[in-house]
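Here is the structure we will look at.
In each ligand, atom 1 is the first atom listed, and ligand 1 is the first ligand listed.
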Amino acid sequence: MTILPLRLSGLSYVAGGRALIDAVDLAIGAGAPTVILGPNGAGKSLLLRLCHGLLAPAAGTVCWLGPDAQDAPRRQAMVFQRPVLLRRTVAANLDYVLTLRGLKRSRRSERIATLLAEAGLSGLAGRLAPLLSGGEQQKLALARAWAVEPEVLFLDEPTASLDPGATLAVEALISRIAAGGTKIVMTTHDMGQARRIAAEIIFLHRGRMLEQGQAAAFFAQPETDTAARFLAGQLI
Ligand SMILES: Nc1ncnc2c1ncn2[C@@H]1O[C@H](COP(=O)(O)OP(=O)(O)OP(=O)(O)O)[C@@H](O)[C@H]1O
C-alpha cells in the first residue's frame, strides 16, 4: 500500500508581496527519481518544503492520494543541503532515529551495521558526526533518513557544497536508496546531476512549472524555449 501519488493543485507561496511559487499543478507518482530542476532562485527549495509540509501555501493544496494517505507524515523524510546532525557519534545518530521508531536494541545494532555499510561509513561508526567531512556528513544524513524506511524521500540540493568525488559518492547512495524502493524527489540546479539521476524532470522557472516529463525526452527535446536555453547553458 502507498501514500503516492502526491498531487499539487493551484499551489502558490507568497512572501514579501511576491508569488515565489505561482499556481503550480502537478502530480508525482511512484517509481524512479523525480528531479526538480531549475536555475538558482527558481523556487525549487520552496516547492520541496511545501511538498513535505514544512511551509503552508498561500493558495492551493498538497494532497497525498494513495490508499495510505493518512500515514503520509511518518512515511516521508527530508534531507537538507546542509545536514543537520546530532553532536554524537555516527552510530548514535542512527541509533537515535531507530530508537524513536521503537526498534529493540538487538535489531538496532544489526540495522546500524547494514546502514553504515550501505553508506560506506563502516569505518567511521565511532567518529563524532560534526567532525566528518561534508560528503561523509551528507551520507550520514541520507543513511539516517533511510533508516526509517520512508516511502518518499525529499532531497534539497544534497550535493550543493560537495566536490566532484563526494558528489558521485552521494549520488551512488541516492541510487541505492531509490533501488530499494524509496521514491526520491530531489532538487538540483546541476544539469549533469539531473541527467545522471532523474527518470522524470519537473522544470521550474521563476516559481512556475514550465515542464514535467520523462527525463530522456526533456533533455533530448525540451518543450519550452526557456528550458532549451537553460540546457544550452544560457542565462534565463
Ligand atoms: N521567506 C522568504 N521571503 C522572501 N523571499 C524568499 C523567501 N524564501 C525564499 N525567497 C526567495 O524565493 C526565491 C526562490 O527561493 P528558493 O530557495 O526556493 O530557490 P531555489 O530554486 O531553491 O534556488 P537555489 O538553487 O539557489 O537553492 C529566491 O529568490 C529566494 O530569495
* Asked: Can a protein heavy atom be found under 4.0 Å away from atom 30 (C) of ligand 1?
  -> no
* Structure fact -> atom 5 (N) of ligand 1 sits nearest the protein heavy atom Leu20 CD1, 3.5 Å
* To do: Look up atom NE2 in His189 and atom NZ in Lys44, then write down how far apart they are to the nearest 0.5 Å.
  => 7.0 Å
* Donor + acceptor pair across side chains of Gln193, Thr167 (<3.5 Å) -> no
* **Residue and atom name of the nearest protein heavy atom (relative to atom 17 (O) of ligand 1), distance in Å to one decimal** => Ser45 CB, 3.6 Å
* So how far is it from Leu47 CG to Thr187 OG1, rounded to the nearest 0.5 Å? -> 9.5 Å
* Asked: Does the Glu211 side chain pair with the main chain of Thr224, one donor and one acceptor, at a distance under 3.5 Å?
  -> yes
* To do: Any chance you could measure Leu98, atom CG, to Glu110, atom CD, to the nearest 0.5 Å?
  => 11.0 Å
* Calculate, to the nearest 0.5 Å, the distance between atoms CG and CD belonging to Leu132 and Gln137 respectively. => 5.5 Å
* To do: For atom 21 (O) of ligand 1, state which one of Lys44, Arg206, Gln81 supplies the nearest heavy atom.
  => Lys44
* To do: Would you check the N or O atoms of Gly16, main chain and side chain alike, for any that come under 3.5 Å of an N or O of ligand 1?
  => no
* Asked: Any idea which protein heavy atom is nearest atom 9 (C) of ligand 1, and the distance to it?
  -> Leu46 CD1, 3.8 Å
* **Close side-chain approach of Lys183 and Leu153, heavy atoms under 4.5 Å** => no
* ligand 1 to Asn40 polar contact by distance, N or O atoms, under 3.5 Å -> yes
* Asked: Under 3.5 Å, N or O to N or O, is Gly41 touching ligand 1 that way?
  -> yes
* Is ligand 1 under 4.0 Å from a heavy atom in the side chain of Pro39, in the backbone, in both, or in neither? -> backbone
* Structure fact -> Looking at Glu157, Arg49, His189, the heavy atom closest to atom 27 (O) of ligand 1 belongs to Glu157
* Do Leu116 and Leu128 share a hydrophobic cluster, counting only Ile, Leu, Val, Met, Phe, Trp and Tyr and linking them when any side-chain heavy atoms are less than 4.5 Å apart? -> no
* Asked: Going by the atom numbers of ligand 1, which of them fall below 4.0 Å from some non-hydrogen atom of Gly43?
  -> 14 (C), 16 (P), 18 (O), 19 (O), 20 (P), 21 (O)
* Structure fact -> Among Ala160, Gly38, Gly207, Ala15, closest by heavy atom to atom 3 (N) of ligand 1 is Ala15
* So, Arg108 and Thr99: side-chain donor and acceptor under 3.5 Å apart, yes or no? -> yes
* Using distance alone, decide if ligand 1 has a nitrogen or oxygen within less than 3.5 Å of any nitrogen or oxygen in Arg18. => no
